[in-house]
Amino acid sequence: MWRYMGRKLGIYAITFVIAVTINWMIPRFMPGDPVRSMLNKASVSDPEAMERMTNYYNEVFGLETPIHQQYFAFWAGLFRGDLGISSMQYPEPVTDIILRAVPFTLGLLLPAIILSWIVGNHFGAFAARNKILDNTVLPVGYILTATPYMWLALLLAWSVGVVGGFLPTSSGYSLALIPAFSWEFIASLITHWFLPFLSMFIVALGGWAIGMRNMIIYELEADYSNYLQALGAPRRLIRRYAFRNAMLPQITGLAVQLGTVIAGALLTEIVFNYPGLGSLILRALNNNDYFVLQGTFLFVIIGVLIANFIIDIIYVLVDPRTRVQMTGGSS
Amino acid sequence: MTLRVKDLKVYYQTLRGDVHALDGVDFELADGEIMGLAGESGCGKSTLGKSLIRLDSRMRHVDGTIELDGEDVPIAKDREMNRFRYHEISLIPQYAMSALNPTRKIGRMINELLQSRGVRPSEVTEELNRRLELVGLDPDVLKRFPIELSGGMKQRVVMVMATLLNPSLLIADEATSALDVSTQRSVVESMVEFRDRGYVKSMIFVTHDISLVYQMADTVMVMYAGRVAEKAPASTIINDPQHPYTKMLIGALPEVGATTDEARLEGIPGTPPGLLHPPTGCRFKARCPIASEECSETPPLVEIEPGHWAACWKTGR
């Protein structure tokens, strides 16, 4: 068990290092100069002043040192929790900007992922035992999973938000309010949260429902189900076994899907102008702000790795087969 | 008389029409009798085994009755059959290796099954442990998952589980086919032991391994193309078969000490008829060396001597 965990942790550590390195590389080899674009905004016309300011900012951001030193400085900063200073919101530290956005993204992602998984699984299992439902759920499910996150987001924003006018379609809370712990503010948070959440929930739901439906049909045809039926066991018991066993591949599926769902969340945030990591990435891209970009990606990577690790552990806990393989069996 | 099957007809529904897998099967099974059910693949022996406990969704009961201990067994009615299943009729399936839920501990699964059939697990725990020991298993297997057991162990667990409620009839469908020869022997011996101790009243042992049947069974029933060809005490079937098909089947078995130099084993030329449109008259006539004109009429299954039944015009008189 511990050896297994150790090995898993090792693999995650390697993945982390590689991911961070790539993450550090990408913005640096992107075309465009962040200092130049920042200074352009200031519209300095004197070339000499321009020169001096460029040098000053290069030093502040550590861009004048050789590239390998930048790399090691990046790692050193990482362990101190220092991801540098934003160039678009100079001189705010990147960590602060990201930490402000993270709760919004998590608040959107976690309920969307967990609820769609639970509801989708139950719905799929339910559909598998009903012919009419099966014939309708299946095509609808296929359409939903094939739907791009942002497309459904746009559709919902347009229909419910713009045409219907029931819910707000932009930002994380009403800009007329000052963030405070009041009912008014919380209500505003919830109404702004609902549409982005709904669009992600619906898209993810279809995939889980289809997966579960197929798995449960497979399990109900399995030998142990047949045998229990031959021994006259009630349907309830057989369904319970089938449902539990069908869940196992769905847990793996969750780990695999996680990346896609997060990417979907980032796009959905942009559609709804939701102040989470997705909108932050877009802003950082538009302003050539490496530090924010790097930092955000880093958070996403850490998030995916942690989530995968949790799923790994859950899987070991729920499936005796993996557990037995790890302990080498007791016989 | 434990089991009486009369003119049983069970067809498989396919898109091309009905496959006459069982087309008028008659036989009786006495208390304490272990009957080996033999025949080529596709002769209907597994279908017969299944028909006695649960028809799957493609199978349709067309005609005939089944009587167990004087009570009519409603095989066509899935719900009413539940009363008989496990309590009166039980099964060791062909797929015993995968018959246990892989994610439940064996003991817990058995308990849940018992509970769902209205039996309090605590009432049979002792008996369960005793029987596990009888087949050479440590009662500790109940705390294990199926994956932790070998094939032979799983087989024996299924055997104990299937017979826990002392069923009147046990159907063992190719129960030993997936095991190696020495494990086969111990499983077969346990089955006979279970019968001797009265854990099961009678048993139908479906197999294509006639030599194995000879060792354990009291009687052997040979089926051909959905019908009974011959039924007789095991020694009679092996030493003095009457039906030409049985003769050829037994002739195709290797004898101890025989080498290929002396005599090549003879197979049965030809293939069994398709059961989508079965031939009229005797179904074996196309492959039968002694077939004659009268074989275009279906031969009835008649008792040619006490306890020896055969369906052939040449043996019937």
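Chain letters run A, B, ... following the sequence lines, proteins first and then strands; every chain starts at 1.
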Please list, one pair per line, the donor and acceptor atoms closer than 3.5 Å that link side chains of residues 246-267 of chain A to other protein atoms, with sequence neighbours excluded.
from	atom 1	to	atom 2	distance (Å)
Q250(A)	NE2	N121(A)	OD1	2.7
Q250(A)	NE2	W208(A)	O	3.2
T252(A)	OG1	L248(A)	O	3.3

Ionic contact status for D134(A) with K131(A), cut-off 4.0 Å: no

Sorted by number, residues from residues 149-169 of chain B in contact with chain A (heavy atoms, under 4.5 Å): V158(B), M161(B), A162(B)

Residue part contacting chain A, namely of L113(B), when any heavy atom lies under 4.5 Å: both

Residue L231(A) versus chain B: region with a heavy atom under 4.5 Å: both

Residues that F194(B) engages under ring-ring contact (aromatic ring centres under 6.0 Å, His included), provided they are two or more places apart: Y199(B)

Polar side-chain atom of E148(B) near backbone of F145(B) as donor-acceptor pair, under 3.5 Å: yes

Which pairs would a plain distance check flag for residues 304-311 of chain A, meaning a side-chain donor or acceptor within less than 3.5 Å of a matching protein atom at least two apart in sequence or in another chain?
from	atom 1	to	atom 2	distance (Å)
N308(A)	ND2	V304(A)	O	3.2

Residue part contacting chain B, namely of E219(A), when any heavy atom lies under 4.5 Å: neither

Check ion pair D78(B)-R85(B) (N to O, under 4.0 angstrom): yes

Short N-O contact, E112(B) and R240(A), less than 4.0 angstrom: yes

Side-chain donor-acceptor contact under 3.5 Å, N101(B) with T103(B): yes

Which of M109(B), H87(B), Q115(B), K105(B) touches chain A most, by non-hydrogen pairs under 4.5 Å: M109(B)

Chain A interface, residue from L100(B), L91(B), D140(B) that has the most non-hydrogen pairs under 4.5 Å: L91(B)

